[in-house]
**Q** 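The structure's right below; bear with me while I get my questions together.
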Amino acid sequence: QVQLVESGGGLVQAGGSLRLSCAASGRTLSSYAMGWFRQAPGKEREFVAGISRSGDSTYYTDSVKARFTIARDNAKNTVYLQTNSLKPEDTGVYYCAAKRWGMVTMRPNDYEYWGQGTQVTVSS
């Protein structure tokens with residue numbers, strides 16, 4: 001079992017940047033494919049980015065490509081999401097999630113472990 005804690009969210013103006021972190025405890029993070037998801041008020045939780053166990057493969061939803069970068073440091077048991085050129089539509093609660101088996105997927109139900117989320121608010 002792994003416990004996940006996100007940090008780094010906040011209020012930022014459009015065009016700004018935030019670096020989100022997801023720190024894991026318990027089982028080593030290298031055993032898990034990792035994903036970042038977000039949920040805006042009144043909307044379903046959606047996939048933002050994912051990274052393979054080794055970090056060699058990354059995946060992004062179209063709306064964040066070229067603006068967001070996912071990375072992991074397995075030695076520090078931490079996954080990061082660098083968010084640049086933020087837009088008001090990026091506003092939401094950002095969650096990291098861990099998937100024990102198989103590759104990164106975009107379906108929230110495929111992930112067994114979740115953090116509590118960190119709020120990102122982008123003002124126009």
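Heavy atoms only: backbone and side chains are in, while hydrogens, waters and symmetry mates are out.
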**Q** Determine the minimum heavy-atom distance between Val12 and Gly16, stating which atoms define it.
**A** CG2-CA, 3.7 Å
**Q** Give a yes or no on whether the backbone of Thr78 and the side-chain of Asp73 come within a donor-acceptor separation of less than 3.5 Å.
**A** no
**Q** Could you measure the distance from the CZ atom of Arg72 to the SG atom of Cys22? Nearest 0.5 Å is fine.
**A** 9.5 Å
**Q** Below 4.5 Å, heavy atoms only, C-beta onward: do Val104 and Ile51 meet side chain to side chain?
**A** no
**Q** Can you find a heavy atom in the side chain of Trp114 that is under 4.5 Å from one in the side chain of Arg45?
**A** yes
**Q** Compare every heavy atom of Gly102 with every heavy atom of Ala33, then report the nearest pair and how far apart it is.
**A** CB-O, 4.1 Å
**Q** Side chain to side chain contact (heavy atoms under 4.5 Å, CB included) with Val120: which of Leu20, Leu81, Val93, Thr83?
**A** Leu20
**Q** Count I, L, V, M, F, W, Y as connected when their side-chain heavy atoms are under 4.5 Å apart, and connections chain through other members. Are Tyr80 and Leu4 then in the same cluster?
**A** no
**Q** Not counting sequence neighbours, list each pair that qualifies as a side-chain hydrogen bond (donor to acceptor under 3.5 Å, both in side chains) and has a residue in residues 88-98.
**A** Arg38-Asp90, Arg38-Tyr94, Arg67-Asp90
**Q** Examine distances only and state if a side-chain atom of Gln116 and a backbone atom of Glu6 form a donor-acceptor pair shorter than 3.5 Å.
**A** yes
**Q** Under a single-linkage definition using a 4.5 Å side-chain heavy-atom cutoff for Ile, Leu, Val, Met, Phe, Trp and Tyr, are Tyr111 and Tyr113 assigned to the same hydrophobic cluster?
**A** no
**Q** Linking I/L/V/M/F/W/Y whenever their side-chain heavy atoms sit closer than 4.5 Å, directly or via other members, would Leu18 and Val79 fall into one cluster?
**A** yes
**Q** Of all the heavy-atom pairs spanning Met106 and Pro108, show the shortest one and how long it is.
**A** O-CD, 3.4 Å
**Q** Is there side-chain contact between Ser7 and Thr118, with at least one heavy-atom pair below 4.5 Å?
**A** no
**Q** Does Trp101 reach the side chain of Asp110, with side-chain heavy atoms less than 4.5 Å apart?
**A** no
**Q** Partners of Asp62 by salt bridge (Lys or Arg N to Asp or Glu O under 4.0 Å), sequence neighbours excluded?
**A** Lys65
**Q** Tell me if the centroids of the rings in Tyr59 and Phe47 come within less than 6.0 Å of each other.
**A** no
**Q** Closest heavy-atom contact between Ser123 and Leu11?
**A** CB-CD1, 4.4 Å
**Q** Kindly write out the residues that satisfy salt bridge (Lys or Arg N to Asp or Glu O under 4.0 Å) with Glu112, not counting sequence neighbours, or none if the list is empty.
**A** none
**Q** Can you tell me how far the CD atom of Glu46 sits from the CZ atom of Arg107, to the nearest 0.5 Å?
**A** 16.0 Å
**Q** State, yes or no, whether a side-chain contact exists between Tyr32 and Arg100 at a heavy-atom distance under 4.5 Å.
**A** yes
**Q** If I take atom CD from residue Gln13 and atom OG from residue Ser124, how far apart are they, to the nearest 0.5 angstrom?
**A** 9.5 Å
**Q** Can you name the nearest heavy-atom pair linking Val2 to Ala24, along with the distance?
**A** CG2-CB, 3.7 Å
**Q** With a 6.0 Å cut-off on ring centres, are Phe68 and Trp36 close enough?
**A** no
**Q** Between Arg53 and Ser31 (side chain of the first, backbone of the second, donor and acceptor by atom type, cut-off under 3.5 Å), is there such a pair?
**A** yes
